[in-house]
Peer 1: 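Sharing a structure here in C-alpha cells format.
This structure is a prediction, so every number in the text was calculated from the model and none was measured. Order of listing sets the numbers, starting from 1, for every ligand and every atom in it.
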Amino acid sequence: MSNAEYLTVKEALTAVLAGVSVLPAEQVPLLNALGRVLAEDVTAQDSLPPFANSSMDGYALVAADLAGATKENPAALQVVGDVAAGAVLDVMVEPGTAVRIMTGAPMPPGADAVVPVEDTNEAWRDQERSLPTQIQVIRSVKQGDYIRHPGEDIEAGQTILQKGHILRPQEVGVLASLGVSQISVNRRPRVAILATGDELLEVDQPLQPGKIRNSNGYTQAAQILALGAEPVQLGIAGDTETAVRQKLQAGLDANVDLFISSAGVSVGAYDVVKAVLEQEGNVGFWRVRMRPGKPLAYGTYHGVPYLGLPGNPVSAMVSFERFARAAIRKMAGHTQLERPTIQVTVQDEIDSDGRESYIRAIVSPTAEGFVASLTGDQGSHILTSLVKANALLILPEGRKKVEPGSQLKAWMLDWPETVLL
Ligand code: AMP
Ligand code: MG
C-alpha cells in the first residue's frame, strides 16, 4: 500500500472489512450467549407446550354438557377430581362430571374444554377452600376452549432458530424452554487497545504540566464492551518505537483478534506507531475523506488485523463507530454490520468542507417526525459534544452546506426515552 492514499469512507470500510474474518464457534452456557450470534441451526427436541393444558383456573369438562347453560339455567356437574400445575390426574372425565384444574395443569382424559372458575358458582381463589362435590356452570363453551394444545407454539423437530440469529432475552427463554443449556455461538472478539503518546497519563494520576489523561483507551474499551466483545488493555506506550513494540508484543502474547490503537498515525515528528507498523507490519496509512477522523492506519501486525485510529478523542470515537464497530461485528458473526439510519429534519445550518461528515446532534421525536439540532462546537477535541449527542448526522461527501429544514440521515447512538410518533 502506498503512503497516504486518499480514500472515501466506503472504500476504507470495504478494505477494513475484507481484512477481518468471522471468528470460529464455541459452545457456551446459555446465558453467556446473550447478544451473540448463533453458529448453528437449533432444532426443537420437544414440542411446546409439551402436553395439552389449561389456560385458566377453572373446570375441565365435556363441552356438550354445557349446551344452553346460562345464569338462569345453569348446568350442574359432579366434581370428580382436582389437578394442580405440575401434577397429573388420571381420572376419566365422563359426561356429567368435571375436574377442578389450575392454569398450566395437564388436561385429564375425557375432558375436551375448560370453563373458567368465574363462570361457575364456585368463584373461589383461596387454596384452603375444599373441593366442591358439585358445581353450577352459567355459560356454554366450545370443544377446545381454554386448552393450550401440544405443539401449538413449537413442534418437535422444527428448526426454531437459524444460524446467524442474534440471541436476545426472548431467544434465551425459548432455548431454556427447549432444554438447551449450552449453545454454539461465534467467539467474542478479543480486541487489544493501545494508547500512544508521551503526553498521556493513567486515569488515576494527577495532571502534570503538558500532560493529559488517556481517555481514548477508556472510550474504546467501553465501545468494545458495548459491542459484546472483550477489550484487552495494553495501556499507554510513550512515543518511542521500543515502547510501542513492547506493548504490541503483549497483545500478540494475549492472542488478540484485532489491535486498535489511537494516535501516532498522522505526520507528526513523533508518530512512532507509524514507524513500527512500517517495519514489522503490513499496514497502509490512509487519508480518509471523512470528518472528523482523517488519518487511519489499516493492515496486519504479525498477522493480526490492525486498525490505527486518530488521536483526537472525538475523531477516535467516530472512527471507531465507523470502522471498528463494523469489523468487530463481522468477527462476531453479525451480518448487519452498520447502524441503521433514520431520516431527520435538521434545525440548524451546517457547514462542512466536502468530506463525508459525522455531525454530533441531539435527535428528538416530534409529531412531524424526528428533528435534529447540533450539540455546539464540533471541534474534534470537544468530548462534551459527544456527551450531549444521541446521534451522528451524516453529511454525504461533496455537501458543504445544509440549510435549516433539510433532511439528513442520522445514526442513532441511543434512542430518546419517549418516542411520540
Ligand atoms: P496525535 O495523533 O498523536 O497527533 O494526537 C492527536 C491529539 O489527540 C493530540 O492532542 C493528543 O494529545 C490527543 N490524544 C492522543 N491520544 C489520546 C488519548 N489516548 N486520550 C486522549 N487524547 C489523546
Ligand atoms: Mg501523539
Peer 1: In the protein, which heavy atom is nearest to atom 11 (C) of ligand 1, and how far is it?
Peer 2: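 The closest heavy atom on the protein side is E199 OE2, 3.0 Å.
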Peer 1: E368 and T345: side-chain donor and acceptor closer than 3.5 Å?
Peer 2: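 No.
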Peer 1: Please work out which of the three classes, parallel, tilted or perpendicular, describes the rings of Y301 and F259, given edges at 30° and 60°.
Peer 2: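 Rings of F259 and Y301: perpendicular, over 60°.
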Peer 1: Which protein non-hydrogen atom lies closest to atom 4 (O) of ligand 1, naming both residue and atom, and how far is it?
Peer 2: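 Looking at atom 4 (O) of ligand 1, the protein heavy atom closest to it is S266 OG, 4.0 Å.
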Peer 1: May I ask you to identify the nearest protein heavy atom to atom 7 (C) of ligand 1, giving residue, atom name and distance to one decimal place in Å?
Peer 2: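 It is N312 OD1, 3.5 Å.
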Peer 1: Between I236 and ligand 1, which part of the residue brings a heavy atom under 4.0 Å of the ligand: side chain, backbone, both or neither?
Peer 2: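 I236 to ligand 1: no contact under 4.0 Å from either part.
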Peer 1: Applying side chain to side chain donor-acceptor pair (under 3.5 Å) between S262 and each of N214, N216, T196, report the one that passes.
Peer 2: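 Filter result, single survivor: N216.
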Peer 1: Tell me, which protein residue and heavy-atom name are nearest atom 22 (N) of ligand 1, and how many Å apart are they?
Peer 2: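 Ranked first by proximity to atom 22 (N) of ligand 1 is I212 CD1, 3.4 Å.
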Peer 1: Decide if the gap between the ring center of Y6 and the ring center of W286 is smaller than 6.0 angstrom.
Peer 2: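 Ring centroids of Y6 and W286 are no less than 6.0 Å from each other.
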Peer 1: Measure from atom 5 (O) of ligand 1 to every heavy atom in P313, S215, G311 and give the option owning the shortest one.
Peer 2: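 Among P313, S215, G311, the closest heavy atom to atom 5 (O) of ligand 1 belongs to G311.
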Peer 1: At what distance is the nearest protein heavy atom to atom 17 (C) of ligand 1, and which residue and atom is it?
Peer 2: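 The answer is N216 ND2, 3.2 Å.
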Peer 1: If you look at every heavy atom in D257 and M331, which pair is closest and at what distance?
Peer 2: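 Taking D257 first and M331 second, the nearest heavy atoms are O-CE, 3.2 Å.
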Peer 1: Starting from atom 19 (N) of ligand 1, what is the nearest protein heavy atom, named by residue and atom, and what distance separates them?
Peer 2: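 For this ligand atom, the closest protein heavy atom is N214 OD1, 2.9 Å.
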Peer 1: Using only heavy-atom distances, determine whether the side chains of S352 and R291 contain a donor-acceptor pair under 3.5 Å.
Peer 2: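 Yes, side-chain donor-acceptor contact under 3.5 Å.
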Peer 1: Can a non-hydrogen atom of G264 be found less than 4.0 Å from any atom of ligand 1?
Peer 2: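 The answer is yes: ligand 1 sits under 4.0 Å from a heavy atom of G264.
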Peer 1: Which of the atoms in ligand 1, numbered in the order shown and given with their element, are less than 4.0 Å from a heavy-atom of A195?
Peer 2: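 Checking each atom against A195, I get 19 (N).
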Peer 1: So, for D198 and K211, which heavy atoms are closest and what is the spacing to 0.1 Å?
Peer 2: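 Looks like O-NZ, 3.0 Å.
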